[in-house]
Protein chains: 2
Amino acid sequence: MTSPQPPRRPSGQPRVPENYDPADFVPFAVTVDLAVFTVRESRLHVLLVERGEEPYLGHWALPGGFVRPRESAGQAARRELAEETGLSPDTVAGLRPEQLRTYSDPDRDPRMRVVSVAYTALVPDLPEPRGGGDAAQARWTPYDELGRLAFDHGRILADGRRRIGAKLEYTCLATAFCPPEFTLGELQQVYETVWGVVLDRPNFRRKVLTSPGFVEPVEGPPRRTGGRGKPAALYRAGAATALHPPLLRPEGRTTP
Amino acid sequence: MTSPQPPRRPSGQPRVPENYDPADFVPFAVTVDLAVFTVRESRLHVLLVERGEEPYLGHWALPGGFVRPRESAGQAARRELAEETGLSPDTVAGLRPEQLRTYSDPDRDPRMRVVSVAYTALVPDLPEPRGGGDAAQARWTPYDELGRLAFDHGRILADGRRRIGAKLEYTCLATAFCPPEFTLGELQQVYETVWGVVLDRPNFRRKVLTSPGFVEPVEGPPRRTGGRGKPAALYRAGAATALHPPLLRPEGRTTP
DNA sequence: CTCCTTAATAGTCACATTGACTATAAAGGC
DNA sequence: GCCTTTATAGTCAATGTGACTATTAAGGAG
């Protein structure tokens, strides 16, 4: 059952299950960590902040921080995202960080027992973070140029990447990586970048356009230049959230 | 970043982010809750325990309990599953509770701040729990006969059900509901029960048998009686873990 | 022992989706 | 104008799936 008689105060004497030694009890700290992804120049990037204190001083880490006494982990995730990344309030307001999983290894933080609830968020390319809150600086880093990160953040990012790769298959999530109006070529870039594959353009196009509610055409000026070549039509995200049938990645290989 | 200067002891004065009032700080308790599902008599059942204390005294709740100082949430989940359900050690040893998500609403426990990491587990029908640990009693309850559960456990079960329904589509997880050797009819029962639909038998059969590694035939006595009718061949779970292409539920409706 | 019921297994056929291609259209740079 | 580049249109075969029909192998009733 949940929480049988937790200590009311650190000095209280809780009723505990057998084999449980009250002397071992220490409070847990609960934090959130954010795995924020974007696609930039056809490469997957993640948002990192530089740690300003020990342990891992000077190392790169995921943005995040404590969950406060009166907020949920989800609220903390949105707050930290705004505080630490320096993204515009408008940008942050549109994001829906999604819970990834919780990391609770007893030794994941050398100082004390910290349980962290990790979230993923997908953003379009535009914003360049500057760092805020207590993060020394924040920046986008290509996913495949990551060095060793603080704590278990490397593992969190690997889990996050696998998750978003899978979600691209059966949800309309890919549009979250794109600006409000985008071309099908840009959308395809998202898939190719996250999955690390090359897709056939006409087939991709057909699949997206025949999936009801995935994208809807933008009426106005039906074109826009990306440089040379024929101008592409613009689309925006549709109302659908799931993709039926799914858009499976080639070969069924789950990129590890 | 993760855990910038947490309080070392309840009286310590931590460095905190702006807008953060140290006086508000209270330690979090961290628990695990288990959503254990089985299929019994063509109905989805969940494992519940009766609470022996306030709050929610006498209400039914999910098995679970505190995460101990030196164990991870996953270890706690396995331990509680063994302690509180009274399932045989052999049965429990084969289970791989999978993390569902973390529930952290500030008011989910009226006594104090409790963050709970929820897990799902799927078991074959056989075992009848007796309750152990500090659970007054434990029993299987049909999913659609649930009353109001303690805390937010009703919501956890709803999330867990949705998750396993989705995982049946693209993983080989369904075999976890079956005994070591099973017929294709039993496997189909699992899908029909969890999804709440009726499937075409020949088509289901074809799909399962052509999915490499989903099931493998048992050599020995190639039959077994379930009552009347032609005896069915026996199979056991194969080595595959993912299903490519997936076995999509009819109509693409995500049972809410 | 024969017929009837029940359930498993085998097989068929049309249709939808997909992967691999080919062809055409509309821009910019010389 | 011609070449390059990119978007868009369309074709065709292989595959997977939904809806069926047929056959096989039990147990039970008479």
Side-chain angles (χ1 to χ4, degrees), chain A residues 41-42 168-170 178 181-192 195 197-218 221-236 240 242-253, chain B residues 41-42 168-170 178 181-192 195 197-218 221-236 240 242-253:
Chain A
E41 293 164 16
S42 297
L168 289 194
E169 292 194 317
Y170 54 93
C178 298
E181 300 190 344
F182 52 88
T183 69
L184 294 188
E186 291 166 351
L187 187 62
Q188 183 173 347
Q189 274 291 337
V190 170
Y191 277 90
E192 294 182 331
W195 286 348
V197 300
V198 174
L199 300 176
D200 178 81
R201 200 184 278 266
N203 289 343
F204 177 82
R205 180 184 181 72
R206 176 182 59 189
K207 175 63 183 174
V208 171
L209 291 181
T210 60
S211 295
F214 193 174
V215 300
E216 52 189 35
V218 170
R223 52 191 57 190
R224 163 188 170 189
T225 174
R228 56 206 161 238
K230 180 178 179 178
L234 287 178
Y235 296 84
R236 64 173 145 257
L243 215 48
H244 273 278
L247 173 45
L248 300 176
R249 72 189 94 182
E251 192 51 24
R253 57 177 161 179
Chain B
E41 293 163 15
S42 298
L168 289 195
E169 291 194 318
Y170 55 94
C178 298
E181 301 190 343
F182 52 87
T183 69
L184 295 187
E186 292 167 350
L187 188 62
Q188 184 174 346
Q189 274 290 339
V190 170
Y191 277 90
E192 293 182 331
W195 286 349
V197 299
V198 174
L199 301 176
D200 179 81
R201 200 184 279 268
N203 289 343
F204 178 81
R205 181 185 182 70
R206 175 182 58 190
K207 175 62 182 174
V208 170
L209 292 181
T210 61
S211 296
F214 193 175
V215 299
E216 53 188 34
V218 170
R223 51 191 56 189
R224 162 189 171 188
T225 174
R228 53 203 162 243
K230 179 177 178 177
L234 286 179
Y235 297 84
R236 63 172 146 259
L243 215 47
H244 272 277
L247 173 43
L248 299 176
R249 70 189 97 182
E251 192 52 23
R253 56 177 161 179

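We name chains A, B, ... by the order of the sequence lines, and we start the count at 1 in each one.
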Measure the angle between the two terminal helix axes of the helix from dC1(C)-dG30(D) to dC30(C)-dG1(D), five base pairs each, and quote it to 10°. 0°
Taking all heavy atoms of L184(A) and all of R205(A), pick out the closest pair and write down the distance. CD1-NH1, 3.3 Å
With sequence neighbours left out, what residues match R206(A) under side chain to side chain contact (heavy atoms under 4.5 Å, CB included)? N203(A), T210(A)
The residue, L184(A) or L247(B), whose nearest nucleotide of DNA chain D is more 5′ is L184(A)
Out of dT8(D), dT24(D), dA26(D), whichever nucleotide has its closest atom nearest the side chain of K230(B): dT24(D)
Can you list, by residue number, the residues of residues 199-207 of chain B that have a non-hydrogen atom closer than 4.0 angstrom to DNA chain C? R201(B), P202(B), R205(B), R206(B)
R249(A) atom CZ is separated from dT17(C) atom P, nearest whole Å, by 22 Å
Minimum heavy-atom distance L168(B)-Y191(B), with the two atoms named: O-OH, 3.1 Å
F182(A) CZ - dA7(D) P separation (whole Å): 14 Å
Please state how far atom CG in L187(A) lies from atom P in dA7(D), giving the value in whole angstrom units. 12 Å
Rounded distance (nearest 0.5 Å) linking atom CH2 of W195(A) with atom CD of E169(A): 5.0 Å
What's the verdict on side-chain contact (heavy atoms from CB on, under 4.5 Å) for F214(B) and L187(B), showing C-alpha distance, side-chain angles and the deciding distance? CA-CA 11 Å; F214(B) 193 175; L187(B) 188 62; 4.2 Å; yes
Partners of P217(B) by side chain to side chain contact (heavy atoms under 4.5 Å, CB included), sequence neighbours excluded? Y235(B)
Under the side-chain hydrogen bond (donor to acceptor under 3.5 Å, both in side chains) test, which residues partner S42(A), sequence neighbours left out? Q189(A)
Output all residues satisfying salt bridge (Lys or Arg N to Asp or Glu O under 4.0 Å) with E216(A), sequence neighbours left out; order by chain, then residue number. R236(A)
